[in-house]
Amino acid sequence: MLDVIRRASWIVVLALACTAMLSSIAAARDAASDMVAARAAFDRNLDAIRKKDRDAYLACYLNAETLARSGPGGMLLGYEQHAQQSSDSPWPDLFEGKDLKLVPVGPGIVYGTYRYRVVYGIDEHSGLSERIFLETPAGWKIAMTSAFDAPKGTPPPPRALTGGTLWDGSGDAVVRDAVVLMRGGAIECAGSRAGCAVPDGVETMDVSGHWIVPGLIDAHVHFGQTGWADGRPDAIDVRDLFPYETVQADLRADPESRFRAYLCSGVTSVFDVGGYPWTWDLRERAENDTMAPRVAAAGPLLTTLDHWLNLPAERQFIHLSSEQAARDGVRYLAAAGTDAAKVWFIVRPENDFEALEKVVRAAASEAASRKLPMIVHATGLKEAKSALAAGARMLVHSVDDLAVDDEFLANARRNGTIYCPTLTVLRGYLRMFESAATGAPAAVDDPHGCVDARTLERVAMSARMKEKAPQLEALARIAERTKQRERVMAENLMRVHAAGIRIAMGTDAGNPLTLHGPSVHAEMEAMQAAGLTPLEVLRAATSGSAAAMGRDEDLGTLTKGKKADLIILSADPMADARNLRSIRWVVRGGEIREARELAAAAPAAPPR
Ligand SMILES: [Zn+2]
């Protein structure tokens, strides 16, 4: 439809332009000099937008009744109207005009297009804009202009990043003075300048002095949780202030603020490993949106513990009450097109271990017969070993009670199990309880200002929850137990790593004070503190997590054909995992944005 409108308006305008101008133009023309002149007029026009110079901007346009301006809403005629409308509209906070293309149409007439990306506050538009340039006695002027937003999923124009130090994620080596050529949202070539020539017409961006690595992937998140107690009233019950059904409705209505927080933190893909059925719908919504991380989702989780935290007509927990219930649950997930079957394997002292093991095995065999990877939350060694024996493909938490033993390691190796240590989520709970008990504000670690105001407000409310929080004695016990579990988790990570088992990076974001997006930094730093090298941390957070998502074919490295999802850092991430905080640009599906552009409050870009 847009095409039809565009074509129709183009013909109208061209006809108008021709009748208006042809009489005054000499017969013989040099097309090449027309192109140079039109290009200069094009540059003046875009510069005026960049500099927000309305006089210079309007001076680019044909001062005539025939000036045509076209967009999805139709055509608008006349210079006066154009001037009026442009003075009524605000300048964008950010303007990018790229991929300028021109073609001579006839003597003194040149047609041109460029791809725009404009940002107003947190609202971004990108698309294609056209111009028809005419030679007039007053110089080259724009006789027709249009702008049409591109449908989501339209890849940005090809771009080449040059001069940076590249770690493509496929091995240990880095390439200095590298070229990363992106086209159609994918990597066309990444390597040395000699190996990756930049074709004519592809715009380059000099990133010398910076490091280029694949985008981070958080392999353990929950979009159905907020990052505070309102999403987990089983931790601190705040339902009198924030009814759970309202919290869920809000989460469902606005995944964008979390999408943005992820991208802003350098996270270009996430794996939601348990939530309400709507979390499955995020996958398609996010895949074609370069303002969102790519999403895989496991949907409602199967649990040995009949947890009450559900909505009256929707469940996020499917109770494994029998072997039949386990098989039914897996069949439901498979029919819904899930990416995995997630199992909470939690055994309370009063439970019969063997009985619960049996239902988990039933779920595992049903998942295996449907080729669904099984993801297990099992933090006790006994449960984790049982899950591995049943064929678990991924463990989303560390074993935190005992040291993992040879049988655990052998089974994990045999299965090709991916181990996602999730080291910092317990401390998030503890920090919320401490803030509540002491009245001191809970610290927020968000180096790029990625977290939205509502979440920050709720986190700050922790300090006013004294009555609802564990009392000081209980808190001391929780703190002691957290410390103990953190020590075991760190040691187990190194045992698992030494045994050659693949590691992923995941935060369990959405749990109290494990905030969607920036919590990856603390998690990666905890992995480093446990003993992984910065490179091993980075590998876990890229190719390891891509494998966990089942997306190692197109994510996790920057080799030819992979998605162009990457981050550009101003400090060396191979020297210290903390340097992963130094994100300067985030590239998602080939679209390059500055990290500060993605901040929750979207500060206006300074003039350039
Ligand atoms: Zn989780």
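By convention here, the first residue in the shown sequence is residue 1. Fair warning: this is a prediction, and the values are worked out from it, not measured in the lab. Order of listing sets the numbers, starting from 1, for every ligand and every atom in it.
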#### Entry: Ion pair E357/R361, N-O distance below 4.0 Å
yes
### Task
Would you list the protein N, O or S atoms within less than 2.8 Å of the Zn ion (ligand 1), leaving out water?
H220 NE2, H222 NE2, D508 OD1
#### Entry: Full working for side chain to side chain contact (heavy atoms under 4.5 Å, CB included) between L532 and L493
CA-CA 9 Å; L532 293 185; L493 173 56; 4.1 Å; yes
### Query
So Y429 and F433, would you call those rings parallel, tilted or perpendicular, with 30° and 60° as cut-offs?
tilted
### Query
Going through the distances and angles, do H516 and Y262 end up as a ring-ring contact (aromatic ring centres under 6.0 Å, His included)?
CA-CA 6 Å; H516 291 283; Y262 278 113; 5.5 Å; yes
#### Entry: Spacing of CZ belonging to R431 relative to CG belonging to L513, to within rounding of 0.5 Å
4.5 Å
### Task
Considering only NZ, NE, NH1 and NH2 on the basic side and carboxylate oxygens on the acidic side, decide whether E525 and R581 come within less than 4.0 Å.
yes
